[in-house]
Student: 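Have a look at the structure that comes next, please.
Count residues from 1 along the sequence.
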Amino acid sequence: MHGGDWPFLWHGAVLTLQMTFLCLICGFVLGVILSLIKISKCAPLVWFGRFYTSIFRGTPLLVQLCIVHFGLPQLLGVTFTAVQSGILTFSLNSAAYVSEIFRGGIQAIDKGQYEAAASLGVSYRDMMKDIILPQAIKHVLPSLVNEAVALLKETSILSYIGAVELLRAADQITVMTYRFFEPYLVIALIYYVFVMVLSTLAGRLERWVNRSDRVS
């Protein structure tokens, strides 16, 4: 590895982190909404939520990315950049998994809390916002961390459509230097460090949440 190689890796690392956190936020918001749809009493909405989840969980992420990046422009006449295609695909895909995580977390809440809130005249919206969802987040935090880690590693497939994330940056270095072992080893170490840092931060957050529960 030479000094001129590091700017490629820096750019790739920055894009990888940006994509991960942006898609995680979008996927989280969409996933929560989708989970509420799937536990609603409206049959068409429930059917839509289950169908959406089955599509995105039942097909490869790379295929979804190709449909968005290459297929939708042909269908809609709108061209997406590699980054835009990645954000859209990963957000929609992550939403499917997050919705299942939250659905399980919400359904794990004791039904007595629903009944107590209803007896006090708390609206469904306020009950979900103030009582159910905060508890569900605490229960599903480890699963959300796993989803974040998976999303971080999955960003590598963006190299297939030309986005210069970590894997694509390593590819560019190999083209210029004709060396393969060092660039790929370095990005593997970078991914490993990112995952370890994310897991450490998540572990501290989980301990803080558990400690605040005991104090309250």
Side-chain angles (χ1 to χ4, degrees), residues 15-42 44-65 67-69 72 83-110 113-114 124-158 163 165 191 194-210 213:
L15 181 59
T16 295
L17 289 177
Q18 289 176 337
M19 290 289 297
T20 299
F21 287 108
L22 181 58
C23 295
L24 188 63
I25 292 172
C26 294
F28 177 85
V29 174
L30 293 174
V32 171
I33 295 173
L34 191 60
S35 67
L36 296 177
I37 286 176
K38 288 193 283 189
I39 63 172
S40 70
K41 297 181 180 180
C42 179
L45 288 179
V46 173
W47 179 87
F48 167 79
R50 292 176 178 174
F51 178 73
Y52 177 99
T53 302
S54 68
I55 289 295
F56 280 94
R57 294 182 68 188
T59 56
L61 181 57
L62 181 56
V63 174
Q64 297 167 19
L65 181 63
I67 291 174
V68 170
H69 189 67
L72 288 186
V83 172
Q84 290 170 339
S85 296
I87 292 173
L88 180 58
T89 304
F90 290 145
S91 297
L92 294 176
N93 179 274
S94 181
Y97 288 90
V98 171
S99 70
E100 281 298 287
I101 292 172
F102 264 98
R103 184 183 63 81
I106 291 172
Q107 292 180 336
I109 303 298
D110 185 75
Q113 298 197 38
Y114 293 88
Y124 181 81
R125 177 182 177 182
D126 290 337
M127 177 181 64
M128 281 295 175
K129 179 172 65 72
D130 299 327
I131 301 175
I132 304 302
L133 286 180
Q135 295 184 72
I137 291 177
K138 296 175 185 178
H139 291 317
V140 304
L141 189 57
S143 298
L144 290 177
V145 174
N146 291 335
E147 173 61 17
V149 169
L151 189 59
L152 172 65
K153 293 186 289 186
E154 286 167 351
T155 57
S156 62
I157 71 171
L158 284 173
E165 41 64 68
Y191 275 117
F194 284 167
V195 170
M196 291 300 101
V197 170
L198 181 60
S199 300
T200 300
L201 292 176
R204 291 182 178 180
L205 176 60
E206 188 173 359
R207 288 193 295 273
W208 177 81
V209 169
N210 293 332
D213 283 346

Student: To the nearest 0.5 angstrom, please state how far the CG atom of L62 sits from the CD1 atom of I67.
Tutor: 10.0 Å
Student: Shortest non-hydrogen contact from S199 to V149?
Tutor: OG-CG2, 4.3 Å
Student: Name the residue from L152, L151, L88 that meets the side chain to side chain contact (heavy atoms under 4.5 Å, CB included) definition with C23.
Tutor: L151
Student: Mind checking the CG-CG spacing from N146 to L198? Nearest 0.5 Å is all I need.
Tutor: 9.5 Å
Student: Do you know the tightest heavy-atom contact between C26 and S91?
Tutor: CB-OG, 3.3 Å
Student: May I ask you to check whether F56 and Y97 place their ring centers less than 6.0 Å from one another?
Tutor: no
Student: Work out which heavy atom in S35 is nearest to a heavy atom in V32; give both atom names and the distance.
Tutor: OG-O, 2.6 Å
Student: Is I131 close to I109 at the side-chain level, that is, under 4.5 Å between some pair of heavy atoms?
Tutor: no
Student: State, with a plain yes or no, whether a side-chain heavy atom of F102 is found less than 4.5 Å away from one of L144.
Tutor: yes
Student: Contact between L22 and F90 at the side-chain level, heavy atoms closer than 4.5 Å - yes or no?
Tutor: no
Student: Are any of the side-chain heavy atoms of Y52 and S99 separated by less than 4.5 Å?
Tutor: no
Student: Side-chain contact, heavy-atom cut-off 4.5 Å: V98 with L24?
Tutor: no
Student: Please report the shortest heavy-atom distance between V145 and A202, naming the atom on each side.
Tutor: CG2-CB, 3.1 Å
Student: Could you grab the distance from atom CD1 of I106 to atom NE2 of H139, nearest 0.5 Å is fine?
Tutor: 11.0 Å
Student: So, taking the atom named CD1 in I39 and the one named CE in M128, what distance separates them when rounded to the nearest 0.5 Å?
Tutor: 4.0 Å
Student: How many angstroms lie between OG1 in T155 and CG in L17, if you round to the nearest 0.5 Å?
Tutor: 8.5 Å
Student: So Q18 and V83, do their side chains get closer than 4.5 Å, heavy atoms only?
Tutor: no
Student: If you measure from CG on L61 to OG on S94, what distance do you get to the nearest 0.5 Å?
Tutor: 10.0 Å
Student: Of the non-hydrogen atoms in R50 and K38, which two are nearest, and what is the gap between them?
Tutor: N-CD, 3.9 Å
Student: Is it true that Q64 and T89 share a donor-acceptor pair across their side chains at a distance under 3.5 Å?
Tutor: no
Student: Which heavy atom in A95 sits nearest to a heavy atom in L30, and how many Å separate them?
Tutor: CB-CB, 3.6 Å
